[in-house]
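Report on the structure given below.
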Amino acid sequence: MFEQEKSLLENQLLKFCQERSLAADKLEWRSIPFSGEWGIAAPLFPLAAADPARQLPVPLHAQALAEALRDSIQLPAGFSRMEAVRGYLNLYYETSAYARKVIGSVLASGNEYGRQQPAGKPVMVEYSNPNTHKPLHVGHLRNVILGGSTCNILEASGKRVIRANYLGDIGLHVIKWLCNYEKYHAGEKPGQDKTRWMGDLFAEADRRFASQEGFEAEVRAYFARWDARDPHILALWKETREWSLDGFRQVYDLLGEHFDRIYFESEVEEPGKAMVDQLIKSGLAEDGRPDLPVVVNLDQIVGTKEEYRVVIILRSDGTSLYATKDIPLAVLKFNEFGLEESIYVVDVRQTLHIQQFRKILALMGYPWANKIHHLAYEIVNLPGNVTMSSREGTVVLLDDLIREATRRALDVVREKNPELEPTRMHEIAEAVALGAIKYPMLSRENTKMVTFDWESALDFNGQSAPYIQYAHVRANSILRKVGGLPDGEPDYGKLTHASEVNLVECISRLPEEIQRAAKELKPNLLANYAYELAKSFNDFYNQCPVLGAEPDVRAARLALVAAARLCLGNTLRLLGIRAPEVM
RNA sequence: GCCCUUGUAGCUCAAUGGACAGAGCACCAGCCUUCUAAGCUGUUGGUUGCAGGUUCGAAUCCUGUCAAGGGCGCCA
């Protein structure tokens, strides 16, 4: 926020260091712990530790340096005072200048506040990756939410982003579904809720496959016809796949997700087999057929021990596997878009597989192989460490969760805003419900498991999306009452209350929070920031009346509220959470 | 056997190597004639699994150890 002033300051610091032959590169800025005013601090310990002239223990020498600096430096514009405390040189912002800078910049950029213009070669993020003909459950949700929000954040940080979705549209699960459908549900069409209907039929097919006498054999026979490209089955496959896609689109619409490129497993299967031939010819792969599969013995080739293991890239019967398809898919992605980077949002259990095919690509000579990044996340469990599995029936269906959450949110909306139109009520309830569901999946670190339980998923209080949305609503409510901000720049010197100063600082952080979250691929940083921001706002809201304040104070506070509202809204949108105006 | 992840308040989680480790939930006590109480205030709660090491400084980095979860030749 004070780049110019800061660099003037740094020049002075550098000069000071040169005079005493101190290691100036050890200087860094951090913020002062909040005590009513904000500022920047330089810890002088590293300099002290490296100072050849040091006689005292490091902390004492650091304090001496801080004091010497305090006495020799000229306070730059924008700062109110300087102090040397416990080995730190602290510089406090002149609060009105700081507030003017922050609030002015937010109000000028509006919805763009915190964002950079996308530029450069594109980054692809592959996420969601559902299987067609299967139900969507809460376990799938974390992937979609994490991926979607990561895309938003990367985009805001100045990257061009391509959202990719890789659909599992072939394989045994599909054949099971088709076989069961043709035998027991021929001619039936899905109703309104397509994903659910598809999922129910999948569960039925899976049950039959596991327990019904003779069904497995029928499925195998069906699979053979599929392999032989039986036109009837191909047509049925295409039609039913479309139902699944329609269902997915419904869910994505609801969640606010969209994709720029859809890849199908079916589209990379043949290229994958061709690539296996190529790998055999080049000597990288060993062909053990007909008794053994085609493998790449990575440890042997690379010279590692039990690190990359052995990758099976084709079954002994010649049918394809996951790895068969991921190799050509990666090539396709880079060829198609000239990617800067290719990010895979895939759960942590597949870490080794990703390392393996990345290594194979490197051995094949693709220079971009090291541009493949795995955004690994832990799975969503049920209490008692129960893994969600449609096979085991241990799932919470997405549909059920959203429905129940919306119902509960609607109760609250109806009670609080009885005058609203029913459709508007529903809209708000949905925004709150989806936010409440998404937030816990975003606010945890990627590497931490999420345990789903209904009670906390439906809790709209405390550290949650509704809390943040509510802060946005409150800000909006104040602004709605005044119609618009008064003309002219307010006197920001009126913002002296600790909660005001704190809120200003919190708002100022959004751009750097976005950059960091993008760099580290951690939406949870932004989720935590959103909560802090909302908390700062509520703190301010409770301590500083706006509308009833005297005119000068009121004008300054209104500008602050407007900036807070924008900042909250922008942050929520980056998380893929709607920011309602009323709730 | 090899490898990865996690271990912080009763529970769920925060904390760019930096100032006294913070929130939420739960519990208890308060606050709605005042901009929406999905809110706020206060109380209680800690040997950051354990032991070493590096560092001026460690929840954070390194080594060891214990515990939980996961991965490792024809699932995706």
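Order of the sequence lines fixes the chain letters, A, B, ..., with proteins taken first and strands second; residue numbering starts at 1 for each chain.
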Strictly under 3.5 Å: I want the nitrogen or oxygen pairs between protein and nucleotides 15-19 of chain B, one per line.
residue : atom : partner : partner atom : Å
B:U16   : OP1  : A:R516  : NH2          : 3.4
B:U16   : O4   : A:R30   : NE           : 3.4
B:U16   : O4   : A:R30   : NH1          : 2.1
B:U16   : O4   : A:R30   : NH2          : 2.9
B:G18   : OP2  : A:R30   : NH2          : 3.4
B:G18   : O2'  : A:R30   : NE           : 3.4
B:G18   : O2'  : A:Y88   : OH           : 2.8
B:A19   : O3'  : A:R86   : NH2          : 3.4
B:A19   : N6   : A:N90   : OD1          : 3.3
B:A19   : N1   : A:N90   : OD1          : 3.4
B:A19   : N1   : A:N90   : ND2          : 3.3

Could you tell me whether the side chains of [X] and [Y] share a donor-acceptor contact shorter than 3.5 Å?
X	Y	answer
A:S456	A:D453	yes
A:Y93	A:E505	no
A:N538	A:R474	yes

Can you give each donor-acceptor pair under 3.5 Å made by side-chain atoms of residues 377-387 of chain A, sequence neighbours left out, with the distance rounded to 0.1 Å?
residue : atom : partner : partner atom : Å
A:Y377  : OH   : A:N143  : ND2          : 3.0
A:N381  : ND2  : A:N385  : OD1          : 2.6

Inset, instruction - Check whether any side-chain N or O of A:N461 sits under 4.0 Å from OP1 or OP2 of B:G39, and answer yes or no. - result: yes
Legend entry - B:G1 phosphate, OP1 or OP2, under 4.0 Å from A:K305 side-chain N/O: no
Inset, instruction - Answer yes or no: is there a donor N or O on one side and an acceptor on the other, between the side chain of A:D291 and the main chain of A:S316, under 3.5 Å? - result: no
What N/O pairs connect the protein and nucleotides 9-12 of chain B at under 3.5 Å? Give each pair on its own line.
residue : atom : partner : partner atom : Å
B:U12   : O2'  : A:R444  : NH2          : 2.7

Inset, instruction - State, with a plain yes or no, whether a side-chain heavy atom of A:Y263 is found less than 4.5 Å away from one of A:E126. - result: no
Inset, instruction - Mark yes or no: A:R516 above the aromatic ring of A:Y529, with NZ or CZ under 6.0 Å from the six-membered ring centre and no more than 45 degrees from the axis. - result: no
Legend entry - A:E307/A:K305 salt bridge by N-O under 4.0 Å criterion: no
Inset, instruction - Please determine which of A:L572, A:L434, A:I428 meets the side chain to side chain contact (heavy atoms under 4.5 Å, CB included) test together with A:R578. - result: A:L434
Legend entry - Given RNA chain B, 5'-ward residue of the pair A:F460 and A:T351, judged by closest heavy atom: A:T351
Inset, instruction - Kindly state whether the ring of A:Y344 and the ring of A:F357 have centres lying under 6.0 angstrom apart. - result: yes
Inset, instruction - Mark up nucleotides 71-76 of chain B, 5' to 3', with B wherever a protein heavy atom is under 4.0 angstrom from a base atom, S wherever such an atom reaches only the sugar-phosphate, and - elsewhere. - result: BBBBBB
Legend entry - Atom P, compared across B:U12 and B:G69: separation rounded to whole Å: 15 Å
Inset, instruction - Just need the stems in RNA chain B: three or more back-to-back Watson-Crick or G-U pairs, each with both distances under 3.5 angstrom, sorted by first number. - result: B:1-7 with B:66-72, B:10-13 with B:22-25, B:28-31 with B:39-42, B:49-53 with B:61-65
Legend entry - Between B:G24 (C1') and A:Y467 (OH): distance, integer Å: 10 Å
Legend entry - Separation of atom CG in A:L44 from atom P in B:C56, rounded to whole Å: 16 Å
Inset, instruction - Report, as yes or no, whether the 6.0 Å neighbourhood of atom NZ on A:K273 holds more than 12 heavy atoms from other residues, nucleotides or ligands. - result: yes
Using a 4.0 Å heavy-atom cut-off across all strands, classify [X] as base, sugar-phosphate, or nothing.
X	value
A:V582	base
A:V432	base
A:V413	base

Inset, instruction - Test A:E419 against A:N417 for side-chain contact (heavy atoms from CB on, under 4.5 Å), laying out the working first. - result: CA-CA 5 Å; A:E419 77 290 351; A:N417 302 284; 3.9 Å; yes
Strictly under 3.5 Å: I want the nitrogen or oxygen pairs between protein and nucleotides 21-23 of chain B, one per line.
residue : atom : partner : partner atom : Å
B:A23   : O2'  : A:Y531  : OH           : 2.9

